[in-house]
Structure formats: structure tokens, C-alpha cells
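Read the structure below first, then the notes.
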Amino acid sequence: MDQWEIQRKAEDVVSKAEQGDLQPLRDELSSMSPQDRLALARAAEQLNERHRASNQDLPDIQIDVQKDWEGKDYLNDVTVTHKRAWYDPIRLFNDKTTTDVFDESWGERLSRWVTQYSPFHRVAHELDKASGKK
């Protein structure tokens with residue numbers, strides 16, 4: 001996916017998330033490749049930060065980026081923090097609430113864990129493809 005398409009999707013999902021509809025952001029992140037997912041999440045977070053510079057009452061999109069054993073970044077978590085409604089009695093104690101929008105799937109976590117900690121994978125990864133030697 002090219003940068004223009006990422007930016008267009010980020011603008012779309014951020015505008016909906018700032019209005020309270022988190023489902024489009026959730027759907028887009030779940031349907032993308034890990035690289036596109038990370039690019040969209042970063043673009044959405046940056047766009048949201050620019051919007052919040054002029055209006056602090058907008059929801060705050062926060063991403064958690066981790067590194068795998070090869071040092072590559074991957075999107076681990078996306079949360080949105082927003083103010084509670086004026087009629088919510090819990091607001092007397094805590095006026096903000098956080099909604100979990102995206103978590104990396106268990107299959108992706110298991111795959112990442114296996115490739116990170118499996119000795120067989122590391123040995124195979126370190127061998128030269130042509131000669132079979134280190």
C-alpha cells in the first residue's frame with residue numbers, strides 16, 4: 001500500500017474515531033498486513049496529535065510499537081482515551097476512559113514468539129542458504 005493510500009485511510013478512520021466511532025479503525029487495522037498496519041497506526045496517531053493541538057477534548061489515539069528479535073517494529077496495541085459523558089457518575093472520580101481498539105492476534109504473537117525463541121529457527125536463520133554453513 002502506498003503512502004497516499006495510508007494517509008487517506010488514516011484521515012478517514014481518525015475523523016470517525018474522533019466522533020466516537022472506533023469500529024472503522026478496528027476493521028482497517030485487522031484487515032491489513034503488519035507493515036501497512038504499523039504505517040496506518042503511526043499516520044493516525046500523528047494526525048490525531050495535530051487535531052488535539054487545537055482541541056484537547058478530542059479522543060487521544062495511542063499506539064504501542066514493539067520490536068521483534070530481528071529489530072523490526074510491529075504494532076502491538078492501539079488504545080483510544082476519551083472523556084466520559086457529562087451524565088456518567090464515574091466522571092466524579094475519573095473523567096477519562098480508555099478503550100482498547102486493537103491487539104495483535106494470538107496467532108501473530110505465537111508466530112513471533114516461535115521465531116524469536118525457537119533454537120531451530122535461529123540455527124536455520126543463521127545458516128548460509130547456499131552452503132548450509134554458518
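Keep in mind it's a predicted model, so treat the numbers as computed, not measured.
- Side chain of Asp73 to backbone of Val65: no donor-acceptor contact under 3.5 angstrom is found.
- Linking Ile, Leu, Val, Met, Phe, Trp and Tyr residues whenever their side-chain heavy atoms come within less than 4.5 Å places Phe102 and Leu47 in a single cluster.
- Here the shortest heavy-atom pairing between Ala10 and Ala43 reads CB-CB, 3.8 Å.
- Ser30 and Arg37 make their closest contact through O-NH2, 4.3 Å (heavy atoms, listed as atom of the first residue, atom of the second, distance).
- Two residues are said to be in side-chain contact when any heavy atoms from C-beta on lie closer than 4.5 Å; Gln19 and Asp21 fail this criterion.
- For the atom pair CD of Gln62 and OG1 of Thr79, the computed distance is 4.0 Å after rounding to the nearest 0.5 Å.
- Asp60 contributes atom CG, which lies 4.0 Å from atom CZ of Arg52 (distance to the nearest 0.5 angstrom).
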Evaluation steps, side chain to side chain donor-acceptor pair (under 3.5 Å), between Asn48 and Gln46: CA-CA 5 Å; Asn48 178 250; Gln46 290 172 354; over 6 Å; no

Hey, mind stepping through Thr99 and Leu22 against side chain to side chain contact (heavy atoms under 4.5 Å, CB included) and telling me if it holds? CA-CA 9 Å; Thr99 305; Leu22 301 177; 3.7 Å; yes

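- Note: Glu18 CD to Ile61 CD1 = 6.0 Å, rounded to the nearest 0.5 Å.
- In the model, Asp64 has a side-chain atom that pairs as donor or acceptor with a side-chain atom of Gln66 under 3.5 Å.
- Annotation for His82 and Pro59: closest pair CB-CB, 4.0 Å, computed over non-hydrogen atoms.
- Proximity of Met32 to Leu40: side-chain heavy atoms (C-beta onward) are separated by under 4.5 Å at one or more points.
- Judged purely by atom type and a 3.5 angstrom limit, Ser54 uses its side chain to pair as donor or acceptor with the backbone of His51.
- Between the CG atom in Leu29 and the NZ atom in Lys9 there is a gap of 10.5 Å [rounded to 0.5 Å].
- A salt bridge does not link Arg8 to Asp12: none of the charged nitrogens lies less than 4.0 Å from a carboxylate oxygen.
- In this structure, CD on Glu28 lies 13.0 Å from CZ on Arg26, to the nearest 0.5 angstrom.
- No donor-acceptor distance shorter than 3.5 angstrom exists from the side chain of Asp36 to the backbone of Ile6, with no hydrogens or angles considered.
- Under a cut-off of 6.0 angstrom, the local environment of CD in Gln56 is crowded, with over 12 non-hydrogen atoms contributed by other residues, nucleotides or ligands.
- Evaluation of the side chain to side chain donor-acceptor pair (under 3.5 Å) rule for Asp100 yields no partner, not counting sequence neighbours.
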